[in-house]
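See structure below.
Everything numeric here is computed off the predicted structure, so don't read it as measured data.
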Amino acid sequence: MTDKNLAPVYDPSEVEERLYQEWLEKDYFQAPRDLKRKTFNIVIPPPNVTGSLHMGHALDNTIQDILIRRKRMEGFDTLWLPGTDHAGIATQIKVEEHLAADGLTRYDLGREKFIERVWQWKDEYHERIIGQLYKLGVSCDWSRERFTMDEGCSDAVRQVFVALYHKGLIYRGNYIINWCPRCHTALSDIEVEHEDAEGTLTYIRYPLVDGEGHVVVATTRPETMLGDTAVAVHPQDSRYQALIGKEVLLPLMNRKIPIIADDYVDPEFGSGAVKITPAHDPNDFAIGERHQLPSVVVIAEDGTMTQEAGKYAGLDRTEARKQVVDDLEAEGVLLQIEKHQHAVGHCQRCHTVIEPLLSKQWFVSMKPLAEPAIQQVKNGEIRFVPERFTKVYLNWVENIRDWCISRQIWWGHRIPAWYCECGKTIVAREEPQTCPHCGGQALKQEEDVLDTWFSSALWPFSTLGWPEETADLEHYYPTDVLVTGYDIIYFWVARMIFMGLEFMHKKPFHTVYIHGLVRDAQGRKMSKSLGNGIDPLEIIEQYGADTLRFTLITGQAPGHDQRFRQESVDNSRNFANKIWNASRFVLMNLGDTTAAELELDSLTDADRWLLHRYNQTVREVNRLMDTYELGEAARTIYEFLWSDFCDWYIELAKIPLYDAQTEAEKQTVRSVLTYVLDRTLRLLHPFMPFITEEIWQKIPHSGKTIMLASWPEYDPALEFSAAHERMATVMEVTRTIRYLRSEVQLPPGRKAQVILNVDSGASAQALAAGEAMLKKLANLEEMTVVRELPEQPQQALTAVVGDIEIYLPLKGLVDIEQEIKRLQKELKKLESEVARAEGKLNNQGFLAKAPQQVIAEERAKAENYRLRRDKVRERIISLR
RNA sequence: GGGGCUAUAGCUCAGGGGGAGAGCGCUUGACUCACAUUCAAGAGGCCACUGGUUCGAUCCCAGUUAGCCCCACCA
């Protein structure tokens with residue numbers, strides 16, 4: 001027998017570190033690759049190696065660990081594959097910031113040295129992140145850990161790139177892209193965050209080249225007028241019919257540009273005439289294509305004006321804007337400036353205002369890849385939980401546009417394309433030695449790297465060894481559930497589905513579980529700039545991982561954001577302590593027994609009641625977990641453990657444990673306590689892995705670890721409805737007597753007498769069986785059950801439970817007037833209940849259409865309320 | 001301009017076609033031999049508003065109001 005003397009307060013810090021090491025040493029997390037067993041797999045959303053884990057990660061990983069631990073206990077061959085993400089731009093920015101502290105830029109180091117520095121950074125932060133995951137208690141298979149830039153994943157990236165290129169789905173070309181002047185790179189559309197901003201709409205007069213008159217255009221970005229190559233109007237706009245085909249003279253630049261007609265123009269907006277700058281606006285670019293307009297690039301990649309901008313060359317774009325406006329005013333062509341609300345794009349990583357630029361970049365053609373990914377979701381092969389996210393996904397995928405994948409940074413997968421002097425481009429998995437077209441050897445590899453999400457998209461299969469045909473890939477692909485926040489459905493989830501279908505010809509997972517954000521106590525997003533972030537590690541150090549996990553999971557409803565509040569942490573901590581102390585009680589009362597076999601024959605009503613409740617809890621928890629309602633599942637266990645097991649059963653168990661005549665009676669209770677505690681710990685283990693293991697090891701058990709103990713299932717042998725009913729009566733009477741006692745402030749030290757007058761044999765039986773319990777729990781000295789009461793005691797408090805009249809004779813303590821008042825209040829309540837039930841029963845529609853069971857229940861209720869009403873009424877009369 | 005979510009006890013939130021739930025807070029009592037990180041008892045809600053469907057709506061549907069979020073190239 002292990003040590004039974006537990007400290008009265010649970011101390012997680014002592015337990016968690018030790019248990020996690022033990023689990024690691026014994027390889028409990030390792031997936032066995034047992035071909036005979038069914039698999040259950042999850043790939044971790046790889047955390048970025050930029051910093052440390054936040055509450056969102058803690059929630060995300062807690063959810064995954066819960067799913068994984070349950071399936072492992074259910075006997076599945078379970079793999080939770082961990083790893084980290086190189087996070088291209090984000091990590092590069094961090095390292096650059098670090099260098100900046102020493103007054104250095106990445107150019108000072110050069111590409112090779114800089115990347116070395118980033119690898120060092122990666123190593124350092126990788127260690128930190130893994131350490132944090134350890135502390136959370138996640139049961140990942142660390143022997144299979146991956147990194148998006150490790151050799152295998154990099155190979156997968158090249159393989160995919162080459163395949164898509166040869167299929168014509170990757171191409172390179174000149175298009176308007178989102179350019180971040182700060183990060184100095186192109187971005188994809190979804191890396192741009194739009195924010196409404198108060199801007200201005202500037203009206204400028206462009207004079208006609210021939211003859212009198214002018215055209216007025218309106219723009220939010222006057223500085224781009226330097227690059228205008230046309231003015232567009234709507235073809236049907238009567239105001240401008242005569243002007244179409246003529247030319248205007250572009251102010252400041254004195255360039256002749258044509259007036260063209262295009263349907264894109266909204267005659268209602270501004271002046272109805274639009275200046276066209278193909279090099280700096282996506283719409284203008286499209287119009288430029290349609291009308292073969294030249295593009296004049298006036299803003300450079302660093303955000304300054306180019307030589308094409310004439311005298312403004314070299315100015316920063318914001319400075320240029322001011323000067324252009326001033327000069328326009330000086331020339332007398334500035335008509336007016338009005339305020340204007342519009343959305344301005346910002347870089348997701350550094351929040352700099354995005355510049356739409358004409359640039360040569362690599363793209364993935366998305367529509368062909370999206371098609372099957374739409375079908376898989378539409379036909380239910382891939383399911384979102386909660387379901388409404390299906391729409392969010394489809395809405396994006398059905399309107400998908402090509403993906404700009406090249407980034408002008410250094411940290412990432414370098415694009416496997418080489419340019420030859422002969423002008424040809426070679427795309428290959430391995431570096432070519434000579435040009436296959438001209439045989440030349442002067443090949444230069446593309447400088448750009450890939451969008452970090454390119455490698456993420458391959459994660460479910462690249463981590464299992466693809467493109468090699470590994471045993472893991474064969475056995476573990478596809479995975480089962482993907483757990484993530486709604487913020488990366490587009491970035492990651494959609495693209496994984498695309499790539500999984502394209503390269504594995506199988507969906508990467510069948511279920512996408514979407515959770516919400518963890519916000520601060522005021523409901524604000526946790527962010528560094530606000531300084532309102534709560535570090536999960538601090539909570540773990542102070543309260544333990546179990547407490548943090550329980551707080552996060554109970555605070556969570558599928559797909560909804562939650563607030564992280566101290567009260568909730570306290571509550572979870574208290575719960576852990578409650579479990580600890582309940583277990584202390586069990587351990588202290590185990591006697592010499594080492595095993596607990598339930599002997600169903602010798603059970604009392606209390607035992608049967610607990611087993612029944614336990615069994616219901618198991619069924620409910622399984623149902624909830626099957627539908628991913630993990631917060632509800634956790635609350636259900638909480639409720640059972642605290643209310644049923646602790647508040648009622650442990651108190652009831654004390655009776656035989658302390659007073660029983662025979663050892664056999666004690667033994668029965670011990671076995672029930674042990675059995676239910678054991679199984680409830682198993683049920684709770686996925687949620688609170690540490691404390692459950694720690695206690696489980698101390699109570700009688702078979703097996704090495706609770707991690708591999710069998711998962712509790714509903715057991716028909718534990719259905720005890722009759723006993724459950726009887727106990728419900730006993731409990732209700734108990735509560736009522738306690739209530740009466742507190743009504744007259746009867747001191748706890750004073751034992752009371754009670755007379756119970758019953759109408760039915762069933763009640764008499766329940767009370768007889770529950771006598772000892774009632775005496776203890778309601779603090780009674782004497783309890784008398786009668787079938788008929790010759791004379792009602794006057795100096796007594798009264799209440800009615802079902803057909804049971806409860807009399808609490810208290811000479812000298814009962815204020816008759818007060819008691820009548822209280823009973824009248826009770827009578828009023830009962831009368832309204834009777835009225836409600838009878839109202840229903842008198843409704844012909846109800847009787848005709850409601851289900852029989854509901855009608856029967858309603859009849860029983862009505863009967864019960866009438867009975868109680870009459871008894872209370874009688875009592876009032878007798879007191880008068 | 002589209003799409004979505006939310007409105008339940010003082011606070012934070014679960015729930016769900018047939019008499020409203022939790023935690024915290026509040027009131028009253030108790031250091032009772034597992035636990036005061038506790039126990040017992042209690043107060044507190046026309047479940048946002050208006051219609052509809054139904055025998056029956058807090059729950060389903062429509063609309064209204066308020067708040068939040070996502071997507072979108074009207075200069």
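Looking at the side chain of A/A850, the nearest of the listed nucleotides B/G18, B/A72, B/U37 is B/G18. With B/C71, B/A41, B/C73 as the candidates, the nucleotide lying closest to the side chain of A/N395 is B/C71. Of the candidate nucleotides B/A72, B/A34, B/G18, B/G18 has the atom nearest to the side chain of A/F846. Closest to the side chain of A/E629, out of B/G15, B/A40, B/G18, is B/G15. Of all nucleotides listed (B/C11, B/G15, B/A34), B/C11 comes nearest to the side chain of A/R565. Nearest nucleotide to the A/W642 side chain, out of B/G18, B/C74, B/U38: B/U38. Checked against B/A72, B/A34, B/A75, the side chain of A/T220 finds its nearest nucleotide in B/A75. Nearest nucleotide to the side chain of A/F269, out of B/U37, B/A34, B/A75: B/A75. The nucleotide whose nearest atom lies closest to any side-chain atom of A/F585 is, among B/A34, B/A75, B/C39, B/A34. Side-chain proximity of A/P851 to B/G23, B/C39, B/G18: nearest is B/G18.
Side chain of A/R741 to main chain of A/A778: a donor-acceptor pair is present (N/O by atom type, distance under 3.5 Å, no hydrogens or angles). Not a single donor-acceptor pair under 3.5 Å links the side chain of A/H291 to the backbone N or O of A/L293. Formation of a donor-acceptor pair under 3.5 Å by the A/D228 side chain with backbone atoms of A/A230 is not found in this model. No donor-acceptor pair under 3.5 Å is formed between the side chain of A/R321 and the backbone N or O of A/R221.
One P atom belongs to B/C26, the other to B/C60, and the distance between them is 35 Å to the nearest Å. Separation of the C1' atoms belonging to B/G18 and B/U54 is 12 Å when rounded to the nearest angstrom. Comparing the same atom, P, in B/U6 and in B/A48 gives a spacing of 13 Å after rounding to whole Å. For B/G3 and B/G15, the C1' atoms lie 27 Å apart once the distance is rounded to whole Å. Look at the C1' atom in both B/C24 and B/C5: the space between them is 26 Å, to the nearest Å. For B/C49 and B/A43, the C1' atoms lie 28 Å apart once the distance is rounded to whole Å. Between B/C59 and B/A7, the two P atoms lie 12 Å apart (nearest whole Å).
When heavy atoms are screened at a 4.0 angstrom cut-off, A/K391 is found touching the sugar-phosphate backbone but no base atom. Backbone-only contact: A/N571 has heavy atoms under 4.0 Å from sugar-phosphate atoms and none from a base. If you check every strand for non-hydrogen atoms under 4.0 Å, A/G839 touches nothing. The residue A/P747 sits apart from the nucleic acid: no heavy atom pair falls under 4.0 Å. Contacts of A/F575 with the nucleic acid, taken as non-hydrogen atoms under 4.0 Å apart, are absent. At the heavy-atom level, A/Y490 lies under 4.0 Å from the strands shown only through sugar-phosphate atoms. Nucleic acid contact for A/W648: none, since no nucleic acid atom lies under 4.0 Å from a heavy atom of the residue. At the heavy-atom level, A/A848 lies nowhere under 4.0 Å from the strands shown. Using a 4.0 Å heavy-atom criterion, one finds that A/R401 contacts the bases of the nucleic acid, with or without backbone contacts as well. As judged by a 4.0 angstrom heavy-atom cut-off over every strand, A/D647 is placed among residues touching the sugar-phosphate backbone only. A/V274 comes within contact range of at least one nucleobase, with a heavy-atom separation under 4.0 Å. Base engagement by A/V265 is indicated by at least one non-hydrogen atom pair under 4.0 Å involving a base atom. At a threshold of 4.0 angstrom between heavy atoms, the contacts of A/R635 are confined to the sugar-phosphate backbone, with no base atom among them. Residue contacts for A/E833: at a heavy-atom cut-off of 4.0 Å it reaches a base atom on one of the strands shown.
If you take CD of A/Q556 and C1' of B/G23, they are 17 Å apart, rounded to a whole angstrom. A/N589 places its CG atom 11 Å from the P atom of B/C35, with the value rounded to the nearest Å. One interatomic measurement links the two molecules: CZ of A/F640 to C1' of B/G21, which rounds to 20 Å at whole-angstrom precision. The interatomic distance linking A/E639 (CD) with B/A22 (C1') rounds to 8 Å, in whole Å. Following rounding to the nearest Å, A/E620 (CD) and B/G16 (P) show an atom-to-atom distance of 10 Å. Atom C1' of nucleotide B/G1 and atom CD of A/E268 are separated by 15 Å, given to the nearest angstrom. Taking atom CZ of A/R738 as the reference point, atom P of B/C39 lies 11 Å away to the nearest angstrom. Atom P of nucleotide B/U12 and atom CZ of A/R519 are separated by 14 Å, given to the nearest angstrom.
Checking B/U6 for Watson-Crick or G-U wobble geometry (two distances, each under 3.5 Å) identifies B/A66 as its partner. With a cut-off of 3.5 Å on both Watson-Crick or G-U wobble distances, the partner of B/A14 is given as none. Remark: B/A72 base-pairs with no nucleotide; criterion is Watson-Crick or G-U wobble with both hydrogen-bond distances under 3.5 Å. With a cut-off of 3.5 Å on both pairing distances, B/G56 has no Watson-Crick or G-U wobble partner at all. Pair assignment for B/C39 gives B/G29, based on Watson-Crick or G-U wobble hydrogen-bonding distances that are each under 3.5 Å.
Taking only side-chain nitrogens and oxygens, A/Y658 comes nearer than 4.0 Å to OP1 or OP2 of B/A34. Phosphate contact (OP1/OP2 of B/C13, side-chain N/O of A/H560, threshold under 4.0 Å): absent. Proximity of A/K654 to the phosphate of B/A34: a side-chain N or O atom is located under 4.0 Å from OP1 or OP2.
Under 3.5 Å, the side chain of A/R563 and the base of B/U12 form no donor-acceptor pair of N or O atoms. Looking at A/E651, its side chain comes within 3.5 Å of the base of B/A34 through a donor and an acceptor atom.
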- Message: Checking A/R868 against A/E833 for the salt bridge (charged side-chain N to carboxylate O under 4.0 Å, His left out) test, could you report, in this order, the C-alpha distance in whole Å, the side-chain angles of both residues, the deciding distance, and whether it holds?
- Response: CA-CA 11 Å; A/R868 286 170 63 187; A/E833 291 292 351; over 6 Å; no
- Task: May I have the step-by-step check of side-chain hydrogen bond (donor to acceptor under 3.5 Å, both in side chains) for A/E567 and A/N571, ending in yes or no?
- Result: CA-CA 6 Å; A/E567 294 92 313; A/N571 187 229; over 6 Å; no
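Looking only at side-chain heavy atoms (C-beta outward), A/F491 and A/I190 come within less than 4.5 Å of each other. The shortest distance between side-chain heavy atoms of A/N589 and A/R670 does not fall below 4.5 Å.
Each of A/V586 and A/R735 has a nearest nucleotide on RNA chain B; the 5'-most of these lies closest to A/V586. Positionally, the nearest nucleotide of RNA chain B for A/K840 lies more toward the 5' end than for the other of A/R221 and A/K840.
Between A/Y638 and A/F575, the ring planes lie tilted relative to each other; the angle falls in the 30° to 60° range. The aromatic rings of A/Y486 and A/F389 sit parallel to each other, their planes meeting at less than 30°, with 60° as the upper class boundary.
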